[in-house]
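In what follows, a structure is listed as structure tokens, so that the remarks can point back to it.
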Amino acid sequence: MTQKPDIQTEARNRKVRMVAYPGVHHLDVIGPLEILATTQFFIGDADLPYDLKIVAAQAGPVKASSGLTITAETSFTDVIKTDDKIDTLMVAGGHGSSSQLKNPKLLEFMQTMAPRARRIVSICTGALILAEAGLLKDKRASTHWFWCPIMENEYPDVTVDHEAIYVRDGNVWSSAGVTSGMDLALALVEMDWGHKIALEVARFSVMYMMRPGGQSQFSAHLVAQRAEDPAINDALSFILENPADPLTVTSLAARAMMSERTFARRFKDETGVTPAAYVETARVQAARVILETTDHTIDQVALETGFQSAERMRRAFHRHVGISAGEYRDRFRMTADPGARPRAGPS
């Protein structure tokens with residue numbers, strides 16, 4: 001049994017309000033908004049799919065961390081007065097977010113508008129602003145990898161996912177920042193308009209479709225990109241492409257034409273992890289994607305990703321993600337109804 005999709009293709013001009021402030025990261029603001037704006041080319045209607053506005057303490061220019069200026073069309077006060085209901089409340093990240101944690105006007109704005117929003121979204125360190133405003137209490141969230149331990153220490157009532165490029169918990173979404181904010185925006189488009197429209201938007205934007213939120217900030221793919229030894233690089237690629245294979249040190253060493261001891265040593269030197277640890281990371285990564293994007297049973301996913309049994313996969317998920325594979329699907333499957341609670345039952 002799966003949770004129902006939340007596609008709402010009849011709605012038009014959904015109010016999206018993106019919070020900016022001095023020192024905001026320019027791409028955290030513009031990237032997600034451009035993805036949402038691009039949807040208009042593919043819905044076959046003259047009406048805009050989203051009513052996009054940048055909001056700040058005061059309407060007017062806002063200097064980003066890059067030195068470029070972003071123009072806020074409206075102010076916190078005006079939005080509170082005029083927008084009784086909005087579709088999506090977004091807050092960007094950036095170097096200036098640290099000072100904004102002490103900005104009572106911004107925090108009051110987030111606390112006032114959150115109950116009026118269908119969903120709440122943070123990009124990068126915008127998650128810290130959500131946490132400071134009390135909007136992430138008892139929720140799972142992601143932010144830029146550098147800030148994950150800081151957020152975990154400062155906000156113990158938030159479960160910080162150190163790996164995911166974006167996380168959804170109920171109606172609250174958070175992302176790791178910059179390009180992952182665009183991945184999150186594509187997921188919003190898919191929720192609102194369906195997979196076909198999201199695919200068109202991704203293709204138009206020359207983006208890989210679709211990076212599920214479960215893909216890691218420190219993915220096995222990134223580890224593979226830094227290997228210089230051709231034989232180890234080949235082994236890394238083989239693991240990523242064939243997670244269901246046995247992938248023992250014996251078989252991988254034979255493929256690399258090395259002794260097991262030499263292979264294990266060179267592998268650790270190149271990647272910083274043992275072959276077994278890398279294989280498990282790659283399998284968890286592959287499983288997270290399948291869990292988010294398909295209806296395959298837990299047992300099927302375990303077989304497809306080389307774990308062989310649901311119990312082995314459950315233990316691996318607890319080591320890497322902190323929850324079981326079943327719990328992961330309940331929380332983060334992309335088509336889940338944001339108001340739904342996790343299903344009870346075995347993981």
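Because the structure is predicted, anything quoted here is derived from the model rather than measured. Count residues from 1 along the sequence.
Salt-bridge annotation for Lys15 and Asp87: absent, with no side-chain N of the basic residue lying under 4.0 Å from a carboxylate O of the acidic one. In summary, Asp169 and Arg140 do not engage in a salt bridge, as defined by a charged side-chain N under 4.0 Å from a carboxylate O. Using a 4.0 Å cut-off between charged side-chain N and carboxylate O, Arg17 and Asp51 make a salt bridge. Look at Asp245 and Arg255 and you find no salt bridge, because none of the NZ, NE, NH1 or NH2 atoms lies under 4.0 Å from a carboxylate O.
Classification of the Phe76-Phe109 ring pair by plane angle, with boundaries at 30° and 60°, yields parallel.
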### Query
Between Phe41 and Val201, is a side-chain contact (heavy atoms from CB on, under 4.5 Å) present by the stated rule, with each step listed?
CA-CA 8 Å; Phe41 300 128; Val201 172; over 6 Å; no
### Task
Report the C-alpha separation of Leu188 and Arg119 in whole Å, then their side-chain angles, then the decisive distance to 0.1 Å, and conclude whether the side-chain contact (heavy atoms from CB on, under 4.5 Å) test is met.
CA-CA 10 Å; Leu188 300 183; Arg119 60 194 174 198; 3.9 Å; yes
### Message
side-chain contact (heavy atoms from CB on, under 4.5 Å) for Leu247 and Arg283? Distances and angles first, verdict last.
### Response
CA-CA 11 Å; Leu247 301 177; Arg283 285 174 170 164; 3.7 Å; yes
### Task
List the steps and the verdict of salt bridge (Lys or Arg N to Asp or Glu O under 4.0 Å) for Arg314 and Glu311.
CA-CA 5 Å; Arg314 184 190 69 80; Glu311 175 59 22; 2.7 Å; yes
### Query
Going through the distances and angles, do Tyr278 and Leu240 end up as a side-chain contact (heavy atoms from CB on, under 4.5 Å)?
CA-CA 10 Å; Tyr278 182 83; Leu240 293 173; 3.5 Å; yes
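In this structure, the side chains of Tyr155 and Glu132 come closer than 4.5 Å at one or more pairs of heavy atoms. You'll find the side chain of Asp192 reaches within 4.5 Å of the side chain of Arg118, heavy atoms only. Looking only at side-chain heavy atoms (C-beta outward), Phe204 and Thr39 stay at 4.5 Å or farther from each other. The shortest side-chain heavy-atom distance between Val91 and Ile123 does not fall under the 4.5 Å cut-off. Counting heavy atoms from C-beta on, the side chains of Trp193 and Phe42 never come closer than 4.5 Å. Here the side chains of Val301 and Phe307 are not in contact, with every heavy-atom distance at 4.5 Å or above. The shortest distance between side-chain heavy atoms of Thr74 and Thr82 does not fall below 4.5 Å. Within the 4.5 Å cutoff, the side chain of Leu107 has no heavy atoms near those of the Asn103 side chain.
Tyr166 places no side-chain N or O within donor-acceptor distance of the main-chain N or O of Ala185, the cut-off being under 3.5 Å. With hydrogens and angles ignored, the 3.5 Å screen pairs no side-chain donor or acceptor of Ser97 with any backbone N or O of Gly93. A donor-acceptor pair is defined here as one N or O able to donate and one able to accept, closer than 3.5 Å; such a pair exists between the side chain of Glu270 and the backbone of Glu228. In terms of modelled atom types and a separation under 3.5 Å, the side chain of Thr143 and the main chain of Cys124 share a donor-acceptor contact. In terms of modelled atom types and a separation under 3.5 Å, the side chain of Gln40 and the main chain of Leu48 share no donor-acceptor contact. Checking side-chain atoms of Thr125 against main-chain N and O of Gly94 turns up a donor-acceptor pair under 3.5 Å. Looking only at distances, a side-chain donor or acceptor of Ser174 sits under 3.5 Å from a matching main-chain atom of Ser142.
The two residues Arg329 and Thr294 have their closest heavy-atom pair at NH2-O, 2.8 Å. The heavy-atom pair separating Val167 from Ala164 by the smallest distance is CG2-CB, 3.6 Å. Listed here is the closest heavy atom pair of Pro243 and Ala286: CG-CB, 4.3 Å. Of all heavy-atom pairs between Ala302 and Ala310, the closest is CB-N, 3.8 Å. Residues Ile35 and Leu186 approach most closely at CG2-N, 3.8 Å, considering heavy atoms. Between Arg116 and Ile80 the shortest heavy-atom distance is NH1-O, 2.8 Å.
Once rounded to the nearest 0.5 Å, the distance linking OG1 of Thr69 with NE2 of His26 reads 8.5 Å. Here CD of Gln58 is found 7.0 Å from NZ of Lys105. Values are rounded to the nearest 0.5 Å.
In the hydrophobic cluster analysis, where Ile, Leu, Val, Met, Phe, Trp and Tyr join through side-chain heavy atoms closer than 4.5 angstrom, Leu303 is grouped apart from Met313. Both Val55 and Leu36 belong to a single network of hydrophobic side chains, linked directly or stepwise wherever heavy atoms of I, L, V, M, F, W or Y lie under 4.5 Å apart. Linking ILVMFWY side-chain heavy atoms closer than 4.5 Å, directly or via other members, places Val62 and Met90 in two distinct hydrophobic clusters.
By the 6.0 Å contact criterion, CD on Gln111 is enclosed, its count of non-hydrogen atoms from other residues, nucleotides or ligands being greater than 12. With a 6.0 Å radius and a threshold of 12 heavy atoms from other residues, nucleotides or ligands, His318 has its NE2 atom above the threshold.
For the 3.5 Å distance criterion, the side chains of His320 and Glu280 qualify, holding a donor opposite an acceptor.
Under the rule for a side-chain hydrogen bond (donor to acceptor under 3.5 Å, both in side chains), the partners of Ser251 that lie at least two apart in sequence or sit in another chain are Thr248.
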